[in-house]
Protein chains: 2
Amino acid sequence: MKKHTITDVAELAGVSIKTVSRVINQEPNVRPSTHSKVSQAIAELNYRPSISARSLAGNRSYLLALLYDNPSASYVTDIQSGVLQTCRAQNYEVLIHPCEYQDPALEKNITDLVHNSRVDGLILTPPLTDSRPLLELMKRLDIPYVLISPSSNSVFEWAVGTNDQAICSEMVQHLCGLGHRRIAFILGHPDHSALANRYAGYQEGLKACGLKVSKQLCVQGFNSFESGEQCARKLLKLKQPPTAIFACNDDMAAGAMKVAHELGLDVPGQLSVAGFDDIPLASQIWPSLTTVKQPIQKMGEVAAELLLRRFRQQSAEKFERITKSQIVVRDSTGPAP
Amino acid sequence: MKKHTITDVAELAGVSIKTVSRVINQEPNVRPSTHSKVSQAIAELNYRPSISARSLAGNRSYLLALLYDNPSASYVTDIQSGVLQTCRAQNYEVLIHPCEYQDPALEKNITDLVHNSRVDGLILTPPLTDSRPLLELMKRLDIPYVLISPSSNSVFEWAVGTNDQAICSEMVQHLCGLGHRRIAFILGHPDHSALANRYAGYQEGLKACGLKVSKQLCVQGFNSFESGEQCARKLLKLKQPPTAIFACNDDMAAGAMKVAHELGLDVPGQLSVAGFDDIPLASQIWPSLTTVKQPIQKMGEVAAELLLRRFRQQSAEKFERITKSQIVVRDSTGPAP
DNA sequence: ACGCAGCATGACAGCGTTGTCAATATTCCT
DNA sequence: AGGAATATTGACAACGCTGTCATGCTGCGT
């Protein structure tokens, strides 16, 4: 199977290479009859334009970079597959670029990525989405980007947002509906300002139920399983321990559940636990975890679409909110004791 | 920060662009004094060669593709980060390419990848590593590749292998040492011939302990959590149920543990459970899971090194065996009842 | 000192596209 | 029909690098 070039196609179709180029790039002003001759030649030779030649001549790389600093493997792979799905359909490729958000070399790292690999645009996930230096750098480099679930004050950025707050409020109301009155909350990592929305939702939910926020019942977690354990220990040691714990992510919820097991507390008989994310773990621990499921893959898809749209300057809508999150009720929540 | 080209560097260093090219590509026959002049100019301008131009002219892309069809997010991300680590050091980039191993369009899919993106080589993970049509396709396309933990009969391929068999044997001996005599095994997906090594190790371990393999105690799983549940149910319904279950991966072990919980069996008091992989879940369920930890990231690193070495025809060693797997004893295994 | 085998360097032609701009067809007016 | 406006096409020069080959230099053996 020989590799064909645009010249082969042009000859076969009996047109100039420029016309073939027009067809490939969906440029206007090609007569339908010509267009079909060319398409046919392309199909016949199974021709694919050379990415390198295209990027050299056209000064773009057909490459996107996906930046992330997220410890959750399932989150990362879900985002990846969403982004890939959109990109494959549009003949873009994706470079993955894990990084560390407090790395002092991050800026140089990204600058090199942009200059060296000549990527056309960047997609960022939390917590990178809320790094002011990074945002400024990207503007300085004049590289298009899209943020995935940035903190709520970013509605003026190109981004795909979520309804975290509303869904968290709903979760609290669900717990309240089960009779719980002392509902604790384990906050997410303070550096991830996007997670603050979840806390806001928790507060909103309590308010909606006519309950008030108790300082004691809100403890600061750091997203990890271990920090979930620590927070749960602190909460369950209270003179008035909560009857339900809502953690800002599933890892911490799982940590809380482990502590409950260790303390001999029956879940959900004596303690209800809820998480957020619906990582695979959630359905695999025992009892399975009530949580919030976000359409993560879909968010990746939409982010890539937004970015590709941004390239084309179809600047219609910069911000898209995905509201398909839903509560998944499993076995870790039940009526208050 | 303007983008510099090879011409800028050549001017600054007072040499021709070809000499700069020689320095960049570490070609021989450059006088040390010239070399340092050029390197200095490169550093001064913070120059990076354009990937597209390089690949167009040199007919290679400095791009690797990582192919996988693996449901375990943590496995995938670990391999990715290993591969990336090696590649970053050598200025290669990585395209991730999830695919489906029984997809009839797979061959076309890969052919397109190779022809279209012009990647220089492929890295495959199980179960793709054991797809004969795929291996043949790659040879036909004449594209270099490296396999990660292929089934044991692939020692003549460019590959990085493991000591799955030995470590599984060891795990069985560990269980036997705890007094277990009825040790069940949940086999991995039959399509993943690489997993057959683990079963072989199980058998070897039994033999080493003077126990014999019982057909009843070996049940066919399919790698998923759910299939682990089913297998465990079958095993625990036996008139002579096992006192220990060794599952071919952690997901199935977790499924087995869930069933044990549901049946009110104490783990490890009445039943010991062991897995393989050490996915994050393993340490987050309760009780935490005894399992085998493989140096997955390292395997990714080595695979990429092997591939880059293959490009350079330093065909010294094609096959590298990583033997750093180790048993992690946690709370799910204990003395036989 | 002479001749020759390397070593070191440079000139220049691609690589396979896209962008620019000019040339040619076609359409739409009046 | 005549002419302007617009649609369609093509010729050709980039793009930034590597490969090839020619040239000039250096050092060695005699």
Side-chain angles (χ1 to χ4, degrees), chain A residues 2-39 41-42 45-63 91-93 115-118 120 311-312, chain B residues 2-39 41-42 45-63 91-93 114-120 311-312:
Chain A
K2 189 183 155 302
K3 265 188 217 166
H4 295 287
T5 75
I6 200 172
T7 312
D8 303 325
V9 177
E11 273 172 18
L12 181 58
V15 298
S16 74
I17 59 168
K18 181 62 207 184
T19 299
V20 177
S21 172
R22 287 196 177 91
V23 171
I24 295 168
N25 293 287
Q26 312 183 46
E27 288 174 26
N29 299 339
V30 176
R31 200 169 313 207
S33 63
T34 313
H35 191 287
S36 71
K37 266 193 305 181
V38 173
S39 314
I42 289 179
L45 298 179
N46 192 26
Y47 163 77
R48 297 282 173 175
S50 147
I51 295 207
S52 1
R54 237 139 95 96
S55 36
L56 180 56
N59 201 34
R60 57 211 161 124
S61 60
Y62 298 87
L63 234 41
N91 272 303
Y92 270 73
E93 292 286 355
H115 280 169
N116 185 14
S117 304
R118 265 73 169 178
D120 292 339
F311 294 155
R312 310 209 180 87
Chain B
K2 190 183 156 303
K3 267 187 216 167
H4 294 288
T5 75
I6 200 172
T7 312
D8 302 324
V9 177
E11 274 173 17
L12 181 58
V15 299
S16 76
I17 60 168
K18 182 60 208 186
T19 299
V20 176
S21 171
R22 288 197 176 90
V23 171
I24 295 170
N25 294 287
Q26 313 184 46
E27 289 174 24
N29 299 340
V30 176
R31 198 171 316 207
S33 64
T34 314
H35 191 287
S36 72
K37 267 194 305 181
V38 173
S39 315
I42 289 179
L45 298 179
N46 192 25
Y47 164 78
R48 297 282 173 173
S50 148
I51 295 208
S52 3
R54 238 142 88 100
S55 37
L56 182 55
N59 201 35
R60 54 204 163 132
S61 61
Y62 298 87
L63 234 41
N91 271 305
Y92 270 73
E93 293 286 353
V114 171
H115 280 169
N116 186 14
S117 305
R118 265 76 167 175
V119 294
D120 292 340
F311 294 156
R312 307 207 182 89

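Every heavy atom of this structure was used, including side-chain atoms; hydrogens, water molecules and symmetry mates were not. Residue numbering restarts at 1 for every chain, and letters A, B, ... go by the order of the sequence lines.
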Residues 10-18 of chain A, side-chain donor-acceptor partners within the protein, below 3.5 Å, at least two apart:
from	atom 1	to	atom 2	distance (Å)
A:S16	OG	A:K18	N	3.4
A:S16	OG	A:T19	N	3.4
A:S16	OG	A:T19	OG1	3.4

Round to the nearest Å and state the distance from A:E11 atom CD to C:dG16 atom C1'. 14 Å
Flag if over 12 foreign heavy atoms under 6.0 Å of CG, A:N59: no
What does the B/S/- profile of nucleotides 11-21 of chain D look like, 5' to 3', with a 4.0 Å heavy-atom cutoff to protein? B---BBBBBB-
Rounded to whole Å, how long is the line connecting atom NE2 of B:H115 with atom P of C:dG16? 13 Å
Taking any heavy-atom pair under 4.0 Å as a contact, classify A:T34: base, sugar-phosphate, or nothing. sugar-phosphate
Which pair of non-hydrogen atoms, one from A:S39 and one from A:V23, has the smallest distance, and what is that distance? OG-CG1, 4.3 Å
Can you find a side chain N or O atom of B:T19 that sits less than 4.0 Å from OP1 or OP2 on C:dT9? no
For a quick test of reading the model: is some side-chain N or O of A:N29 closer than 4.0 Å to OP1 or OP2 of D:dA7? no
Rounded to 10°, the angle between the first-five-pair and last-five-pair axes of the helix from C:dA1-D:dT30 to C:dT30-D:dA1 is 30°
Length of the CZ-P vector between A:R31 and D:dT8, whole Å: 6 Å
Rounded to the nearest angstrom, tell me the gap between atom NE2 in A:H35 and atom C1' in D:dT9. 15 Å
So, taking the atom named CD in A:E27 and the one named OG in A:S21, what distance separates them when rounded to the nearest 0.5 Å? 5.5 Å
Point-to-point distance, once rounded to the nearest 0.5 Å, from CD1 of B:I42 to CD1 of B:I6: 8.0 Å
Please name the pair of heavy atoms, one in A:H35 and one in A:V30, separated by the smallest distance, quoted to 0.1 Å. N-CG1, 3.8 Å
Cation over ring, B:R54 on B:Y62, under 6.0 Å and within 45°? yes
Shortest non-hydrogen separation from A:V20 to A:V38 and the atoms involved: CA-CG1, 4.1 Å
